[in-house]
Amino acid sequence: MALDLSMNKHADVSYDEKERLFDEVKADERWHHVLYGCYECGICVASCPSARFYDFSPRVIAQAVAREDVDLIYTLMSDSIWDCSQCFSCDRCPRHNSPGQIITIMREVAVKNGLQTAKEALEGYGRIIYKIMATGSQVSPDMLQPDAFPDWGPHVHEISDNLEDWRKALPPETMHTTETGWTVDSKTIIELYLIWHMTGVMELIEGIDEGLYMILVDVMEERLEEAGYDDITFD
Amino acid sequence: MIHLPVLKAADRKFKADPDNAPTTDLRDEIFQLEKEGEWEVIRVPEPYMELPTKYGRMKKIPLEKTWHHKSCGQCGHIPGYSTSIFWLNRAFDLDYHDPTDQTSCTAWNYYASATSNPEAQAAVAIRNFAAAHEVGYFPLIHCGTSFGHYKEVRHALVHQPELRRKVKKIMERLGKKLVIPEEIVHYSEWVLAMKDRIAERQEIDMSNITATVHPACHYHKLIEEDAIYDSEIYGAQRTAIVTGTLKALGINVGDYSTWFDCCGFGFRHILVSRDFSRSFSVQRKIEVMIEEVNPDITVTHDTGCVTTLDQSQFAGKAHNKKVGLPVMADSQVAALAMGAHPYKVLQLHWHNTDNKAFLEKLGIDWQQKWKEFEQEVGKIKSGEKEFMTWEDAES
Ligand code: SF4
Ligand code: SF4
């Protein structure tokens, strides 16, 4: 289905609200290095993988923000931005724009403001967020489950059936783990939790997935308490 | 008739001129900030090799005292990738450190889900750098995305005093210093720097092999001026990474029209919209390589690229696409050339696309090698051994 770019698509959201979100995008420190105007040349589109498969265009994104078309920006922020593969092939732009970076900022604002479409785009993504936040390693061997990767064929079955033994048959001592990519020290994980606490990233998670947020808080507060940081809470 | 002085493409020579680079040299600013007391710069330790980057500036690549910032996707799903990097270090008896005081970089979270913010990303990066510095080693980044992301983080820290201030405060709370590496170095740059030494120790002739190369987007598109370029490789019009290594091993590298395209990984897509990853990977990369080059193997240098190009071919086969092209990392090919075991070291059983024909073409008896690996696993299963050790893998 073609992407509906008409300004009425989100008529239920006030112009002021859309403008507020765009102001947040423009207030980002990176903003002045990602957009310098747009020739409409389409070079970004020609190198964009997502443009080949979706009704998606980095040129449309660059044009919308350059023209400050607040309605269109809101429409894109509610849909298109999640199609981007973040490959940065569009950094070839002759005006030195980075449509991929513009999209990164728009995604962050969408997440920060708990947009329903951001929640939907990230559905099913909770496990990978949990892994990095709680264990310090984003991808782990035990994620290789046949039901998670049915399109990768029987090879995933073979790995998950042999997981424990095949991990032990890895020569580096750090890689005998199954729940993390490698052994991560407890002290390292505590330092990571302190970073989450000091930078407020848990608020972002809360806005996007409250269930995940509660699980993470439980895990982190318990480990922090064990490590002597009983004064730290994420409330 | 007017004769215009037009050079044929083959006669044109591009010479990068660092004095006319369109960007400033970030390292000058990094050292200036150190003089101003803003941070401590982690110097590239001796011995290092200097390789040219896109605009002709030289980049220092450490050969020893490397702190291996591992990739979770490599260690988790294609562990022979990292094992081969370590095996190469051991084969040359180099001093390296495989840390447990290391976290993933959070770039995947950042590019996929935006559930992070600049302070958190920078703090995670600096915590890892500080951990390396505390034990006297220099960070060597295994993942292409971590590498690209850390370059962006370093760039932001140089240009945003407020971000530096915030990260410094976080580091103080962790009892760490605000440190910054003089260079952000990717392991494939280390492999490239080592290529002649690897070729000197080559045990397996690879001159009958044709390969295609897929360069990782986050290696050469993010902060592009920092990627390695070489006038001998693609006339310095494209990054020399991987291609330079393979050529040194005698491999014929074939060119194809979608070289610049990404692999289809997409961060969010590989997990929750994999139809895109599969289609792009098979139709824009694998099929094009097979149609235009018909290589024996495709070689790349990043976690997501190996994963997507390799795993996507299973579904492609079901749709009668032209697939069946083995996918490996440069570290695996380099280790194999030096005689590393295809299963104990390269751990090829974690890869999906069949690579047996490739091994046979190299004269490797894969059935015998698989038997040897299974014997090791048998010892683990029976309790005779707890783990396979480096000594077992090297025997
Ligand atoms: S970063 Fe996004 S917009 Fe840019 S080329 Fe890649 S997929 Fe397209
Ligand atoms: S490449 Fe740059 S100038 Fe051309 S359409 Fe894309 S954003 Fe606009």
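Only this structure's heavy atoms are used, side chains among them; waters, hydrogens and symmetry mates stay out. In what follows, chains carry the letters A, B, and so on, assigned in the order in which the sequence lines appear, proteins first and then strands, with residues in each chain numbered from 1.
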Trainee: Heavy-atom pairs under 4.5 Å with chain B are the metric here; pick the option from A:Cys84, A:Gly207, A:Ser47, A:Gly200 that has the most.
Mentor: A:Cys84
Trainee: Is it the backbone or the side chain of B:Val124 that comes under 4.5 Å from a heavy atom of chain A, or both, or neither?
Mentor: both
Trainee: Looking only at heavy atoms, which of residues 164-174 of chain A get nearer than 4.5 Å to chain B?
Mentor: A:Asp165, A:Trp166, A:Arg167, A:Lys168, A:Ala169, A:Leu170, A:Pro171, A:Pro172, A:Thr174
Trainee: Counting the benzene-type ring for Trp, do B:Phe387 and A:His176 have ring centres under 6.0 Å apart?
Mentor: yes
Trainee: Which one, A:Ser89, A:Ala110, A:Ser140, leads in non-hydrogen pairs under 4.5 Å with chain B?
Mentor: A:Ser89
Trainee: Side chain, backbone, both or neither: which part of A:Asp28 has a heavy atom under 4.5 Å from chain B?
Mentor: neither
Trainee: Sub-3.5 Å donor-acceptor pair from the side chain of A:Asp151 to the main-chain atoms of B:Ser312, do we have one?
Mentor: no
Trainee: If you count heavy-atom pairs under 4.5 Å between each of B:Glu162, B:Arg284, B:Lys381, B:Glu386 and chain A, which one has the most?
Mentor: B:Arg284
Trainee: Quick one: which of B:Arg127, B:Glu119, B:Glu152, B:Gln283 has the most heavy-atom pairs under 4.5 Å with chain A, could you say?
Mentor: B:Arg127
Trainee: Measure the CE-CD distance between A:Met198 and B:Glu172 for me, rounded to the nearest 0.5 Å.
Mentor: 10.5 Å
Trainee: For each of B:Asp392, B:Leu163, B:Asp98, B:Asn352, tally heavy-atom pairs with chain A at distances under 4.5 Å, and name the one with the top tally.
Mentor: B:Asn352
Trainee: Side chain, backbone, both or neither: which part of B:Lys344 has an atom under 4.5 Å from a heavy atom of chain A?
Mentor: backbone
Trainee: So which residue, B:Met388, B:Gln311, B:Lys221, ends up with the most heavy-atom pairs under 4.5 Å with chain A?
Mentor: B:Gln311
Trainee: Using heavy-atom distances under 4.5 Å, tell me whether B:Ser279 contacts chain A through its side chain, its backbone, both, or neither.
Mentor: both
Trainee: Determine the interplanar angle of the A:Tyr54 and B:Phe276 rings, folded into 0 to 90°, and report it as parallel if under 30°, tilted if 30 to 60°, perpendicular if over 60°.
Mentor: parallel
Trainee: Working to the nearest 0.5 Å, report the span between CG of A:Asp91 and CG of B:Leu222.
Mentor: 6.5 Å
Trainee: Consider side-chain hydrogen bond (donor to acceptor under 3.5 Å, both in side chains). Of B:Thr100, B:Asn128, B:Asp101, which one does A:Thr188 pass it with?
Mentor: B:Asp101
Trainee: Given heavy-atom pairs under 4.5 angstrom as the criterion, report whether the side chain, backbone, both or neither of A:Arg127 touches chain B.
Mentor: neither
Trainee: Output the distance between atom CE (B:Met171) and atom CD (A:Glu191), rounded to the nearest 0.5 Å.
Mentor: 8.5 Å
Trainee: Starting at CG of B:Leu174, measure out to CD1 of A:Ile190 and round the result to the nearest 0.5 Å.
Mentor: 11.0 Å
Trainee: How long is the gap from CD on B:Gln102 to OG1 on A:Thr183, to the nearest 0.5 Å?
Mentor: 11.0 Å
Trainee: Using heavy-atom distances under 4.5 Å, tell me whether B:Tyr343 contacts chain A through its side chain, its backbone, both, or neither.
Mentor: neither
Trainee: Between B:Lys176, B:Lys379, B:Lys317, B:His220, which shows the greatest number of heavy-atom pairs under 4.5 Å with chain A?
Mentor: B:Lys176
Trainee: Could you check whether any side-chain N or O of B:Ser104 sits under 3.5 Å from a backbone N or O of A:Gln138, counting only pairs where one atom can act as donor and the other as acceptor?
Mentor: yes
Trainee: Say you draw a straight line from CZ of A:Phe88 to SG of B:Cys217; how long is it, rounded to the nearest 0.5 Å?
Mentor: 10.0 Å
Trainee: Tell me, for B:Ala393 versus chain A, whether the close heavy atoms (under 4.5 Å) come from the side chain, the backbone, both or neither.
Mentor: side chain
Trainee: Against chain A, label B:Ser71 side chain, backbone, both or neither, depending on which of its atoms sit under 4.5 Å from a heavy atom there.
Mentor: backbone
Trainee: Tell me whether the NZ or CZ atom of B:Arg274 lies within the 45° cone about the ring axis of A:Trp152 and under 6.0 Å from its centre.
Mentor: yes
Trainee: Return yes if some donor-acceptor pair links the side-chain N/O of B:His218 with the main-chain N/O of A:Gln86 below 3.5 Å, else return no.
Mentor: yes
Trainee: When you measure from the side chain of B:His269 to the backbone N and O of A:Asp83, does any donor-acceptor pair fall under 3.5 Å?
Mentor: yes
Trainee: For B:Trp87, is it the side chain, the backbone, both, or neither that has a heavy atom closer than 4.5 Å to a heavy atom of chain A?
Mentor: neither
